[in-house]
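Here the structure is a predicted model, which means the values were calculated and not measured. Chain letters run A, B, ... following the sequence lines, proteins first and then strands; every chain starts at 1.
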Number of protein chains: 2
Amino acid sequence: MANLETTGFLPHIAYDSVIFGFSGEKLKILLIEYHKTGWLALPGGFVKVNETLDEAVKRGLLERTGLDQIFLEQFYTFGSIERVRPDIMKQILSAHQEDLPKDHWLLDRFISIGYYALIDYDKVEPTPDAFSDSINWYSVDEIPDLLFDHNFIVKKALDHLRTHLDQKLLSVNLLPERFTMKELQQVYEAILGEKLNRANFQRKMLSLGILERHEKLYAGGSHKAPYLYSLKKKA
Amino acid sequence: MANLETTGFLPHIAYDSVIFGFSGEKLKILLIEYHKTGWLALPGGFVKVNETLDEAVKRGLLERTGLDQIFLEQFYTFGSIERVRPDIMKQILSAHQEDLPKDHWLLDRFISIGYYALIDYDKVEPTPDAFSDSINWYSVDEIPDLLFDHNFIVKKALDHLRTHLDQKLLSVNLLPERFTMKELQQVYEAILGEKLNRANFQRKMLSLGILERHEKLYAGGSHKAPYLYSLKKKA
DNA sequence: TTACTATTGTTTCAATCAGAAACAATAAAT
DNA sequence: ATTTATTGTTTCTGATTGAAACAATAGTAA
């Protein structure tokens, strides 16, 4: 990671990313733990002067998940004043390098742009960055207290995800390339937090006309084998 | 307006507001014209170090429209790199005050948070700010070339408005306190850009259960008089 | 081979909703 | 009283949705 002492970053501007994954049962997000302080927080970062906002977030995502080409979308920008906590920032940073000048840009007020990403849980090997001790998955229904307003950011991201679930079958981004109808339904249920009717779910998904049916998946169960589906590539 | 020479603003951060009004026939937005240069642009501004993002936008809105307590919502943050145009900024600013130091923060790259506002067209007397010659209404289907990426911002705002039209009857914010069903339908049609079926529209709106019916409006037409409606105040 | 079982894909049936048209009411002008 | 334009409501039909029943089938066990 770049040395933050160097200029080259836009001051006062940060991003926070809510990275969703589906474990096969539960919807989860990635949280990092800052050096020494023990603070849990969303993976975030800063924007270089010569890169786009989107590029900055993609860069951070690649560093932490090793994944490129993933679904990524901005959902809200957080600009309240309570987001300045020079004491905490100092603690976090001092664990990493020499203490900073009193007026360093990192100790100032930030506005943060919230992004959410949808990734294939099994494809990623989360790796902590220079400022964090660990990075781990947490179920969205068991999120502990987070740094700053990050709990609020998670809530907003979840709201956004729920209300936009249907558009273009967003949720397939949480599954591998090919998946069964049951898996798709489980993702929906994990995101919405409620059970759905099986027959109606299948009818609705198929009626969208954007799923392609492939060969069956013989998983060894003593029952009818389900078809595999993928997103139809648009013409 | 505050002198921009003084510090007290967050550098690199701006907002642009898309202010919608309904003329009784067409959906319109407010555009300003910058001093001398003739550039048309969205009304925007900067954020003070001790104010919230929302507060900053409200402040600018109050100055330009005289309106307080209006519907205001953030919809997207624009962070591309092409948003830096020191030449144009210099032109605009030099028309207003002495020339600026080469490294002035106003000449730097900005990230801009887009807000949209819905206001009662007839209640507002638009007033230009210190940097603009004029502020006027323009139909959304006849927007001329604007500064920077402002045409794109307008497009995004319209998209957002269209897809969120139904939630809590957003569009009533474009009408006076009391309105007829026909007026409400006309707002919908102006926003969506298509004609709607009268009977179904009325049924749908009433079924939402959030409209209160008041006395009739005798407007002098030789036909049945329409009822006036208002948004039901929530219990 | 032949039941048996669990799961999946599909169909059916009723209830609800949505789009189009017809019908009914009415305020003002003639 | 008649006419006209507009508004409020109902009716009819077809589409959509929710719940349950039915049908197919891959493995297991007798």
Seminar exercise, completed: Hits for salt bridge (charged side-chain N to carboxylate O under 4.0 Å, His left out) against B:Glu183, two or more places apart or cross-chain, chain-then-number order -> none
Exercise. Can you check whether B:Leu146's main-chain N or O pairs, donor with acceptor, with B:Asn151's side chain at less than 3.5 Å?
Worked result: yes
Exercise. Can you check whether A:Phe201 reaches A:Leu184 side chain to side chain, under 4.5 Å on heavy atoms?
Worked result: yes
For this session: Can you sort out the partners of B:Lys155 under salt bridge (charged side-chain N to carboxylate O under 4.0 Å, His left out), two or more places apart, ordered by chain and number?
Result: B:Asp159
Problem set entry | B:Lys48 backbone acceptor or donor facing B:Glu51 side chain under 3.5 Å | yes
For this session: Can you sort out which residues in residues 167-178 of chain B have a heavy atom within less than 4.0 Å of DNA chain D? Ascending by number, please.
Result: none
Exercise. For A:Arg213, which residues count as a salt bridge (charged side-chain N to carboxylate O under 4.0 Å, His left out) partner, sequence neighbours excluded?
Worked result: none
Exercise. Any idea how B:Phe152 and B:Phe78 line up, ring-wise: parallel (<30°), tilted (30 to 60°), or perpendicular (>60°)?
Worked result: perpendicular
For this session: Name the first nucleotide and the last nucleotide along DNA chain C (5' to 3') that come under 4.0 Å of a heavy atom in chain A.
Result: C:dT5 to C:dT12
Problem set entry | Neighbour count >12 (heavy atoms, 6.0 Å) for atom CD, B:Gln69 | no
Problem set entry | Counterpart residues, side chain to side chain donor-acceptor pair (under 3.5 Å), relative to B:Gln185 (two or more places apart) | B:Glu189
Exercise. For residues 191-216 of chain A, which residues have at least one heavy atom under 4.0 Å from DNA chain C?
Worked result: A:Arg198, A:Ala199, A:Gln202, A:Arg203, A:Arg213
Exercise. Looking only at atom types and distance, does a side-chain atom of B:His12 sit under 3.5 Å from a main-chain N or O of B:Arg109, one as donor and one as acceptor?
Worked result: yes
For this session: Side-chain contact test, heavy atoms from C-beta onward, threshold under 4.5 Å: evaluate it for B:Arg64 versus B:Leu30 and give yes or no.
Result: no
Problem set entry | Within 6.0 angstrom of A:Lys216 NZ, more than 12 heavy atoms from elsewhere | yes
Exercise. Can you name the residues that form a ring pair (Phe, Tyr, Trp, His ring centres under 6.0 Å) with A:His164, not counting sequence neighbours?
Worked result: A:His160
Problem set entry | Set of residues satisfying salt bridge (charged side-chain N to carboxylate O under 4.0 Å, His left out) with respect to B:Glu194, sequence neighbours excluded | none
Problem set entry | Residue-level proximity of residues 219-229 of chain A to DNA chain D when a heavy atom falls under 4.0 Å | A:Gly220, A:Gly221, A:Ser222, A:His223, A:Lys224, A:Ala225
Distance-only criterion, 3.5 Å: show the donor-acceptor pairs between side-chain atoms of residues 113-126 of chain B and protein atoms not counting sequence neighbours.
| from | atom 1 | to | atom 2 | distance (Å) |
| --- | --- | --- | --- | --- |
| B:Tyr115 | OH | B:Asp54 | OD1 | 2.5 |
| B:Tyr116 | OH | B:Glu73 | OE1 | 3.0 |
| B:Asp120 | OD1 | B:Asp122 | N | 3.2 |

For this session: Check each residue of residues 180-187 of chain B for a non-hydrogen atom within less than 4.0 Å of any atom in DNA chain D, then write out the ones that pass by number, or none.
Result: B:Lys182
